[in-house]
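These numbers were taken from a predicted model, which means no experiment stands behind them.
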Amino acid sequence: MKKSTEKGQNSPIAPPPETYGPENSLKEEPEKPRNPRGTSGKLAGRDFIMALPSRAGALFREVFSGENLIIAALALSPLLLTVRCDSPKPPPVDIPAEDDSEDICRNQHDCVKKARIYGRNGNTELARKTAVKACDLGSGEGCYLQGIVMIREARQNQEAGNTGRSVKDTLRHGTDKVRNGCITGFPPACQMMAELTEKGTGTARDPRRAGEYHTRACEMDLTESCLKAAVFQWSSNNHQKAWELSRKSCESGNEQGCAVYAIAAENTGNPDPPEKVRQSYFRQGCDKYDIPGSCFLYGLRSLNAAERLKYLEKACSTSSQKQFCDPFEKEKKRLGAASGNSSPQP
């Protein structure tokens with residue numbers, strides 16, 4: 001499970017890091033293609049970025065950040081298996097012919113499959129054509145893949161110093177295609193739209209809209225979006241919804257999601273998680289992620305005076321909010337007064 005040290009400054013719960021989860025998102029194991037004509041059989045880092053999986057993951061983040069090629073390469077490389085020397089070789093993947101005709105693919109499934117294969121082989125033009133046809137046939141994933149190709153091309157042009165109107169139009173149209181993929185019901189497209197909207201890539205920067213995209217992705221069971229969706233719902237004072245979404249995040253194994261889940265349960269009166277489990281989530285959220293609300297609630301529950309003061313102090317120092325600092329100051333004065341007369345009482 002991922003660990004983040006990013007802290008929230010103005011909320012009882014720390015907002016999740018911008019880079020959480022995607023590298024572990026749902027994705028298919030890439031198919032192993034045969035060596036295309038005229039290539040050496042090795043794909044460079046930039047070619048790896050063109051591999052287009054069927055789920056949001058490290059790939060789509062690299063499409064518009066273009067920085068960490070190693071993550072993209074790992075996401076697209078076949079699993080490394082230790083095999084005996086006499087083990088039979090796997091059958092070759094049937095790579096479609098580079099056909100420029102109207103019959104380049106037959107239906108949604110065929111077009112999406114070929115778009116992925118062409119993308120993995122670095123054939124941008126055919127990847128685009130097959131993705132466009134898949135999108136035209138009503139495939140949300142096809143629109144998503146088409147958007148990835150367009151956004152990547154726009155990014156490459158920007159890196160080359162070309163910032164003209166045509167490049168901006170390509171970026172905007174690519175974002176529109178990803179949005180169409182989300183509307184059609186492809187969860188990774190919704191997650192990607194959340195990321196694009198958070199950064200204002202190809203669309204207006206709108207944190208609230210980004211939260212709505214994360215919520216939609218989470219509701220379609222893309223759990224990598226559930227933590228940000230829960231934080232968004234919390235900040236919108238929809239604490240019950242935050243509890244529901246953070247529960248999904250926690251159940252998927254996200255430790256920060258568990259901390260938010262416990263905080264939301266405390267504020268909504270939900271019985272889950274149980275008190276003993278809830279207390280462990282509070283402590284974990286404070287010790288590992290410096291979440292102010294976790295520190296505060298764990299401190300209030302502690303029966304040890306020194307430990308109680310320690311966690312209340314951390315809640316105050318990590319947030320500087322009055323709601324956390326006033327209880328700490330009162331507890332400090334109480335213990336100070338008690339130490340002048342007798343041993344501190346828990």
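Summarising the hydrophobic clusters (Ile, Leu, Val, Met, Phe, Trp, Tyr; side-chain heavy atoms under 4.5 Å, direct or chained), the residues clustered with Met150 are none.
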Chi angles and distances behind the side-chain contact (heavy atoms from CB on, under 4.5 Å) call for Thr175, Met193: CA-CA 7 Å; Thr175 301; Met193 272 308 303; 3.8 Å; yes
Residues Asn304, Tyr311; criterion side chain to side chain donor-acceptor pair (under 3.5 Å); working and verdict: CA-CA 11 Å; Asn304 180 280; Tyr311 281 90; over 6 Å; no
Could you please spell out the steps behind the salt bridge (charged side-chain N to carboxylate O under 4.0 Å, His left out) verdict for Arg209 and Glu212? CA-CA 5 Å; Arg209 187 64 175 154; Glu212 293 172 353; 2.8 Å; yes
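Not counting sequence neighbours, Pro271 has no partner by the side-chain contact (heavy atoms from CB on, under 4.5 Å) test. Not counting sequence neighbours, the partners of Arg165 by the side-chain contact (heavy atoms from CB on, under 4.5 Å) test are Asp169.
The pair Glu307-Arg301 does not count as a salt bridge, with every side-chain nitrogen at least 4.0 angstrom from each carboxylate oxygen. We find that Arg116 and Glu141 are joined by a salt bridge, their nearest charged nitrogen and carboxylate oxygen being less than 4.0 Å apart.
Counting heavy atoms from C-beta on, the side chains of Lys129 and Gln146 never come closer than 4.5 Å. Annotation: side chain of Asn254 is not in contact with side chain of Cys226 (no heavy-atom distance under 4.5 Å). Counting heavy atoms from C-beta on, the side chains of Tyr213 and Ser225 never come closer than 4.5 Å. Side-chain contact between Ile263 and Phe282: present, with at least one pair of heavy atoms (C-beta onward) separated by less than 4.5 Å.
Tracing side-chain contacts under 4.5 Å through hydrophobic residues (I, L, V, M, F, W, Y), one never reaches Leu222 starting from Met220; they form parts of separate clusters.
For the atom pair CD (Glu198) and OG1 (Thr201), the distance works out to 10.0 Å, reported to the nearest 0.5 Å.
Considering every non-hydrogen atom in both Leu137 and Asn107, the closest pair reads CD1-C, 3.7 Å.
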